[in-house]
**Q** 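One structure follows; several queries about it will come next.
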There are 2 protein chains.
Amino acid sequence: MKEAECSVIDRAVERMIQVMSNHGLRITGQRRTLARLFAEASGFLSAKEVYQSLEMKHHGLSFDTVYRNLRMLQELGVLEQFNFEDGMKFRVGCYGHKHHHHHLICLSCDHIYPLDYCPMEHLTNLPAHFQVVKHQFEIYGYCEECQQPDNKPLQDIVSV
Amino acid sequence: MKEAECSVIDRAVERMIQVMSNHGLRITGQRRTLARLFAEASGFLSAKEVYQSLEMKHHGLSFDTVYRNLRMLQELGVLEQFNFEDGMKFRVGCYGHKHHHHHLICLSCDHIYPLDYCPMEHLTNLPAHFQVVKHQFEIYGYCEECQQPDNKPLQDIVSV
DNA sequence: ATGGATGCAAAACATTTGCATCAAT
DNA sequence: ATTGATGCAAATGTTTTGCATCCAT
């Protein structure tokens with residue numbers, strides 16, 4: 001990893017730690033590792049993936065601590081939380097990214113690809129009195145490596 | 001309920017039952033009630049809601065039967081399945097509707113409002129080699145009745 | 001030293017599976 | 001009568017909670 005990238009990540013880590021500290025929370029080793037994990041992560045992480053990653057450095061780690069810290073970081077606005085096909089996942093919030101974007105998700109290998117398109121920017125006929133808080137836009141399918149002719153969904157072959 | 005609507009629903013029920021029958025599945029009383037429930041439902045239903053609804057007519061109903069039948073109908077393409085904020089929900093598939101659409105979901109009262117806009121129709125820069133199977137687009141916020149100034153998400157008041 | 005963070009155990013909740021029985025075909 | 005559908009119980013997986021202990025402040 002290049003030095004420039006390191007300092008970007010380091011700054012992201014410090015920013016997350018600062019938020020926790022500003023809120024009177026204590027900076028434990030696990031929270032430091034957790035912050036670094038998300039600063040370095042390119043995409044979304046599930047609670048299980050976070051656990052498995054932290055557990056390498058912190059033996060005897062328990063799942064509830066992971067959940068508690070994920071929830072805490074989400075409530076502080078540091079992490080974003082989204083329901084995917086296979087469960088809840090987390091990533092650093094929007095302002096930690098260059099810009100807002102969405103994702104193509106491969107149903108076969110679970111890889112996530114960024115999509116530089118946001119439907120909210122193009123949406124015209126939104127009802128006037130709905131106060132938008134957030135939105136979710138995900139495209140599911142098969143990436144180049146995983147494309148197979150027999151990956152066709154069942155709907156296409158059922159006659160109704 | 002008007003007669004015309006009844007027959008539309010009746011036809012929807014018969015169509016669903018026909019699909020099950022065509023696949024060699026047996027038409028039990030519960031499956032008949034289940035088909036009618038979804039034919040009459042306007043929006044999405046959770047497994048729990050389905051259970052509670054069926055349980056009124058079928059005493060001693062068990063949850064696993066509900067799950068088995070929901071999964072079966074989803075695999076047959078009769079039902080669509082989506083992960084919402086508060087868990088998995090089901091509704092009759094697209095072709096059972098007038099046309100494809102998305103939803104505005106109220107975070108306060110859980111009501112779902114249709115949105116006649118599909119981002120896939122306007123999407124221009126989709127990577128060439130991604131084979132799209134399905135997509136998800138939901139807007140979360142507060143509907144007219146539920147709007148409150150203090151419904152602001154935490155992110156807006158946290159300085160990072 | 002104080003109070004928040006942790007690990008442990010156990011609870012809560014949603015979903016799935018094995019198996020004996022029951023009922024649609 | 002055959003075989004799939006059901007109810008029951010128990011297992012599984014995920015997330016939460018209570019509590020004693022530990023450690024960052």
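Each chain gets a letter, A, B and so on, in the order its sequence line appears, and its residues count up from 1.
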**Q** Any non-hydrogen side-chain atom of A:Tyr113 less than 4.5 Å from a side-chain atom of A:Leu115?
**A**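 SC-SC contact between A:Tyr113 and A:Leu115 ruled out.
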**Q** Ignoring hydrogens and angles, are the base of C:dA14 and the side chain of B:Asp64 linked by a donor-acceptor pair under 3.5 Å?
**A**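 It does not, because no donor-acceptor pair links the side chain of B:Asp64 to the base of C:dA14 below 3.5 Å.
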**Q** For a quick test of reading the model: is some side-chain N or O of A:Arg32 closer than 4.0 Å to OP1 or OP2 of C:dA5?
**A**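 Checking A:Arg32 against C:dA5: no side-chain N or O falls below 4.0 Å of OP1 or OP2.
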**Q** Can you check whether B:Tyr117 and B:His122 have ring centres sitting under 6.0 Å from each other?
**A**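 Yes: the rings meet the under 6.0 Å criterion.
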**Q** In whole Å, what is the span from the CD atom of B:Glu75 to the P atom of C:dT15?
**A**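 After rounding, the reported distance stands at 15 Å.
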**Q** For the CG atom of A:Leu70 and the CE atom of A:Met88, what is their distance to the nearest 0.5 Å?
**A**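 Answer rounded to 0.5 Å: 10.5 Å.
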**Q** Check whether any side-chain heavy atom of B:Met120 sits under 4.5 Å from a side-chain heavy atom of A:Ile139, and report yes or no.
**A**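 Yes; the side chains approach each other to less than 4.5 Å.
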**Q** Are B:Met16 and B:Val92 packed together at the side-chain level, in the sense that at least one heavy-atom pair is separated by less than 4.5 angstrom?
**A**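 Of all side-chain heavy-atom pairs linking B:Val92 with B:Met16, at least one is under 4.5 Å.
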**Q** Do you know the tightest heavy-atom contact between B:Glu55 and B:Leu61?
**A**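 Where B:Glu55 meets B:Leu61 most closely, the heavy atoms are N-CD2, 3.7 Å.
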**Q** As an exercise, state the distance from NE2 of A:His103 to CD of A:Glu138, rounded to the nearest 0.5 Å.
**A**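 Answer for the NE2-CD pair, A:His103 versus A:Glu138, is 7.0 Å.
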**Q** In whole angstroms, how far is the P atom of C:dT15 from the CD atom of B:Gln74?
**A**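 From B:Gln74 CD to C:dT15 P: 13 Å.
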**Q** Would you work out how much the helix from C:dA1-D:dT25 to C:dT25-D:dA1 bends between its ends, with each end axis defined by five base pairs, to 10 degrees?
**A**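 For the helix from C:dA1-D:dT25 to C:dT25-D:dA1, the axes at either end differ by 30°.
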**Q** At less than 4.0 Å, is any side-chain N or O atom of B:Tyr67 found next to OP1 or OP2 of C:dT16? Yes or no.
**A**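 No, no such contact exists.
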**Q** State whether A:Arg31 places a side-chain N or O below 4.0 Å from either non-bridging phosphate oxygen (OP1 or OP2) of C:dA5.
**A**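 Checking A:Arg31 against C:dA5: at least one side-chain N or O falls below 4.0 Å of OP1 or OP2.
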**Q** Nearest 0.5 Å, what's the CE-CE distance between A:Met20 and A:Met72?
**A**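 Taking CE in A:Met20 and CE in A:Met72, the distance rounds to 5.0 Å.
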**Q** Starting at atom CE of A:Met88, determine the distance to atom P of C:dA14, rounded to an integer number of angstrom.
**A**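 Nearest whole value for this atom pair: 14 Å.
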**Q** If you measure from NE2 on B:His135 to CG on B:Leu123, what distance do you get to the nearest 0.5 Å?
**A**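 Atom-to-atom, B:His135:NE2 and B:Leu123:CG are 10.0 Å apart.
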**Q** Could you list by number each residue of residues 47-55 of chain B showing a heavy-atom separation from DNA chain C of less than 4.0 Å, or answer none if no residue does?
**A**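 When residues 47-55 of chain B is checked for heavy atoms under 4.0 Å from DNA chain C, the hits, listed by number, are B:Ala47, B:Lys48.
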**Q** Taking atom P of C:dA5 as reference, at what distance in whole Å does atom CG of A:Leu61 sit?
**A**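 Distance, rounded to whole Å: 15 Å.
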**Q** What nitrogen or oxygen pairs link the protein and nucleotides 23-25 of chain C at under 3.5 Å?
**A**
from	atom 1	to	atom 2	distance (Å)
C:dA24	N3	B:Arg26	NH1	3.4
C:dT25	OP1	B:Ile27	N	3.3

**Q** My understanding is that only one of A:Phe38, A:Phe90, A:Phe84 makes a ring pair (Phe, Tyr, Trp, His ring centres under 6.0 Å) with A:Phe44; could you say which?
**A**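 Output: one option passes, namely A:Phe84.
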**Q** Mapping A:Gly24 and B:Phe63 onto DNA chain C by nearest heavy atom, which one lands closer to the 5' end?
**A**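 Result: A:Gly24.
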**Q** Could you tell me which residues satisfy side-chain hydrogen bond (donor to acceptor under 3.5 Å, both in side chains) with A:Asp64, sequence neighbours excluded, listed by chain and number?
**A**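 A:Asp64 satisfies side-chain hydrogen bond (donor to acceptor under 3.5 Å, both in side chains) with A:Ser62, A:Arg68 only.
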**Q** Listed by chain and number, what are the salt bridge (charged side-chain N to carboxylate O under 4.0 Å, His left out) partners of A:Lys48, not counting sequence neighbours?
**A**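 With sequence neighbours excluded, A:Lys48 shows a salt bridge (charged side-chain N to carboxylate O under 4.0 Å, His left out) to no residue whatsoever.
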**Q** Output the rounded distance in Å from CZ (B:Arg68) to P (C:dT16).
**A**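 Atom CZ in B:Arg68 sits about 11 Å away from atom P in C:dT16.
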**Q** Grab the two heavy atoms, one from A:Phe137 and one from A:His102, that are nearest each other, plus how far apart they are.
**A**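 A:Phe137 and A:His102 have their closest heavy atoms at O-ND1, 3.2 Å.
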**Q** May I have the step-by-step check of side-chain contact (heavy atoms from CB on, under 4.5 Å) for A:Arg11 and A:Ser7, ending in yes or no?
**A** CA-CA 6 Å; A:Arg11 278 200 299 274; A:Ser7 74; 3.8 Å; yes
**Q** Rounded to whole Å, how long is the line connecting atom NE2 of A:His58 with atom P of C:dT6?
**A**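 My rounded result for the distance is 10 Å.
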**Q** With a 4.0 angstrom cut-off to heavy atoms of chain A, pull out the first and last contacting nucleotide of DNA chain D, in 5'-to-3' order.
**A**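 With heavy atoms of chain A under 4.0 Å away, the range is D:dT14 to D:dT25.
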